[in-house]
Undergrad: 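First the structure, which I've put down as structure tokens, then a few questions once you've had a look.
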Amino acid sequence: MSALLIGIAQRDLRIAFQQKSELVQPLMFLLMVVTLFPLGVSPSPDTLQRIGPGVIWIAAILSSLLGLERLFRDDFNDGSLEQYTLSGVPLSAIAAVKVLVHWLVSFVPLLILSPLLALFLNLTLPMYIALLLTLLVGTPLLSLIGAIAVALTIGLQRGGVLLALLLIPVFIPLLIFATSAVDSAALQLPYYPQLAIIGAMLLLALALAPFAIAYSLKVSQN
Amino acid sequence: MQFESFSSFLAMGGYAFYVWMSFAVTFGAMLLLAVGSYRQHKVLLKSVVAEQARQSRIKRARAKTADISPE
Amino acid sequence: MWKWLHPYAKTENAYQLCLTLQPWLWVGALACLLIGSVWGLAFAPQDYQQGDSFRIIYIHVPSAILSMSTYVAMAVAALVGMVWQWRTAYMAMIAMAPVGAVMTFIALFTGAAWGKPMWGAWWVWDARLTSELILLFLYIGVIALYGTFEDKQQGGKAAGIMALVGVINVPIIHYSVEWWNTLHQGATISKFDNPSIAPEMLWPLLVNLLGFALFIAAVTTVRLRNEIIVREMHRPWVVKLAQKGEK
């Protein structure tokens with residue numbers, strides 16, 4: 001069982017690094033969305049510092065929506081997903097591994113890119129540390145919950161916009177707590193409560209999402 | 001009755017526009033929903049009958065070609 | 001304990017049950033809505049702060065409460081469908097979705113129309129209105145997901161999962177928005193600053209609440225029958241029913 005799971009993880013990682021453009025494009029999108037705000041709202045450092053955390057989080061959510069579909073689409077189209085279902089290993093475990101790999105290849109680069117975004121939006125160092133922590137705890141949540149919606153819409157031809165419609169309302173609490181943590185950091189206030197709440201949501205999703213993903217995949221395969 | 005006259009009832013203490021608009025839109029939306037649901041019911045019944053007629057036409061056409069083809 | 005429910009898992013029985021319940025639900029809904037609205041509009045005392053504009057409460061609060069409980073009811077139906085493999089439960093869930101969405105729309109509209117004279121703006125990012133708006137998005141998601149599926153059986157299951165994901169999120173959204181709201185504008189006056197509402201104001205509200213609930217149930221029975229017809233189009237009893245209805 002563990003051999004199969006490790007095999008899937010290795011295979012997914014290899015595929016992800018072979019298709020580099022798919023990895024880089026959502027990141028470039030993120031960068032460009034963030035660039036639009038100083039141009040569209042105001043380039044004044046104070047304004048940027050005030051809206052910065054929200055902008056980065058909104059851009060992260062939007063760019064994550066672009067890359068999510070990749071999570072199960074290829075496996076669904078070439079039939080390997082059916083093989084996984086028949087392999088005897090719980091589908092929820094396979095789903096968890098795939099989500100983990102997806103997080104590694106799509107959000108870890110985002111974490112690496114985040115200092116640049118913080119510079120663009122004139123965030124102070126405490127703000128940046130808070131932002132990094134919220135991204136670290138919050139982005140796995142994006143992958144986990146996003147995977148449920150991807151699993152549901154995988155069999156559909158026109159899944160793209162639908163995915164956004166399904167997920168954006170669900171991500172709102174995360175956005176609220178994450179930006180408020182950074183805002184608290186800006187005021188030199190403790191922001192652990194917000195982080196703890198995001199952590200609680202992550203644990204809840206970690207416990208429930210793999211089963212929801214597995215069930216959704218079964219529904220999609222019919 | 002809280003209002004002295006019918007016209008003061010209609011005026012709603014100066015808030016007539018907001019109060020009456022709210023009630024009108026609410027009951028309008030509810031009426032539309034109910035009427036729409038019943039209309040959908042009628043359309044569906046018609047489509048079931050049409051589908052059934054189509055199926056029996058297909059069956060008849062098949063039977064006819066089956067009669068002719070062995071000749 | 002739940003044995004009596006089992007026959008209604010069969011669509012034909014559920015259809016008959018809807019037909020029997022329907023007239024009673026309609027009569028009850030119309031009576032309650034008429035009594036509650038007239039009572040609230042004409043006989044309930046004026047609010048000393050808000051004047052007569054507070055009479056919007058008699059439709060705003062019932063629709064807001066029931067828009068949330070309809071979503072919960074959808075999730076319960078989805079869970080029942082998932083656990084006991086009842087197709088009828090999924091159909092009931094789908095039947096409820098547009099009704100709940102209309103309730104949410106009503107709550108939003110009346111909230112805006114109440115906010116204009118009270119706050120001076122049609123839309124204020126007040127906690128209740130904001131979470132109601134997000135609830136509308138959740139409804140739209142479920143309806144859109146179901147609508148995209150060609151295979152309605154599969155679509156029902158998928159929409160059910162989404163409803164369950166949403167229902168876990170409803171309380172989180174509610175509290176996060178409330179907390180966000182106090183953070184950003186602690187000074188706005190809440191509509192219900194005074195929680196002890198006078199009984200002569202409360203009674204019409206409760207009557208209307210019952211009226212809205214019965215209305216939702218009545219429309220749901222109609223829509224559930226439609227849903228059953230769509231999915232069971234080729235069953236002999238549906239065909240017979242349709243042919244009888246046509247003549």
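Residue numbers start from 1 in every chain, and the chains themselves are labelled A, B, ... in the order their sequence lines are given, proteins ahead of strands. No experiment lies behind these values; they were computed from the predicted model shown.
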Undergrad: How far does CZ of B:Phe27 sit from CD1 of C:Ile59, to the nearest 0.5 angstrom?
TA: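 If I round to the nearest 0.5 Å, the distance is 6.0 Å.
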Undergrad: Any chance you could measure B:Tyr15, atom OH, to C:Lys116, atom NZ, to the nearest 0.5 Å?
TA: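 Taking OH in B:Tyr15 and NZ in C:Lys116, the distance rounds to 12.5 Å.
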Undergrad: For the CZ atom of C:Arg225 and the CG atom of B:Leu44, what is their distance to the nearest 0.5 Å?
TA: 10.5 Å
Undergrad: Between atom CD of B:Glu51 and atom NE2 of C:His234, what is the distance when rounded to the nearest 0.5 Å?
TA: 5.0 Å
Undergrad: Applying the side chain to side chain contact (heavy atoms under 4.5 Å, CB included) test to B:Met30, which of C:Ile216, C:Ile106, C:Val99 qualifies?
TA: C:Ile106
Undergrad: Compare every heavy atom of C:Asn226 with every heavy atom of B:Ser37, then report the nearest pair and how far apart it is.
TA: O-ND2, 3.0 Å
Undergrad: Measure across C:Ile229 and B:Leu45 and return the closest heavy-atom pair with its distance rounded to 0.1 Å.
TA: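 Answer, listing the atom of C:Ile229 first, then B:Leu45: CD1-CD2, 3.8 Å.
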Undergrad: Between B:Phe17 and chain C, with a heavy-atom cut-off of 4.5 Å, which part of the residue counts as in contact: side chain, backbone, both or neither?
TA: side chain
Undergrad: Please report the interatomic distance CD(B:Gln55) to CE(C:Met233), rounded to the nearest 0.5 Å.
TA: 10.5 Å
Undergrad: Which atoms form the tightest heavy-atom contact between B:Val49 and C:Gln243, and what is the distance?
TA: CG2-N, 3.9 Å
Undergrad: What is the distance from atom CE of B:Met21 to atom OG1 of C:Thr110, rounded to the nearest 0.5 Å?
TA: 10.0 Å
Undergrad: Side chain, backbone, both or neither: which part of B:Gln40 has a heavy atom under 4.5 Å from chain C?
TA: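 Both parts, backbone and side chain.
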Undergrad: Check each atom of B:Tyr38 against the heavy atoms of chain C and say whether the ones under 4.5 Å are side chain, backbone, both or neither.
TA: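 Answer is both: backbone and side chain atoms of B:Tyr38 are under 4.5 Å from chain C.
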Undergrad: Report which part of C:Trp26 has an atom under 4.5 Å of a heavy atom belonging to chain B: side chain, backbone, both, or neither.
TA: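 Side chain only.
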Undergrad: Relative to chain B, which segment of C:Gln22 carries a heavy atom at a distance below 4.5 Å: side chain, backbone, both, or neither?
TA: side chain
Undergrad: Testing the basics here: between C:Ile56 and B:Phe23, what is the closest heavy-atom pair and its distance to 0.1 Å?
TA: CA-CE1, 4.4 Å
Undergrad: So for C:Val102, is it side chain, backbone, both, or neither that comes closer than 4.5 Å to the heavy atoms of chain B?
TA: side chain
Undergrad: In terms of heavy-atom pairs under 4.5 Å, which option from B:Val19, B:Val43, B:Leu33 contacts chain C the most?
TA: B:Leu33
Undergrad: Show your working on side-chain contact (heavy atoms from CB on, under 4.5 Å) between B:Thr26 and C:Tyr58 and close with a plain yes or no.
TA: CA-CA 11 Å; B:Thr26 301; C:Tyr58 294 115; over 6 Å; no
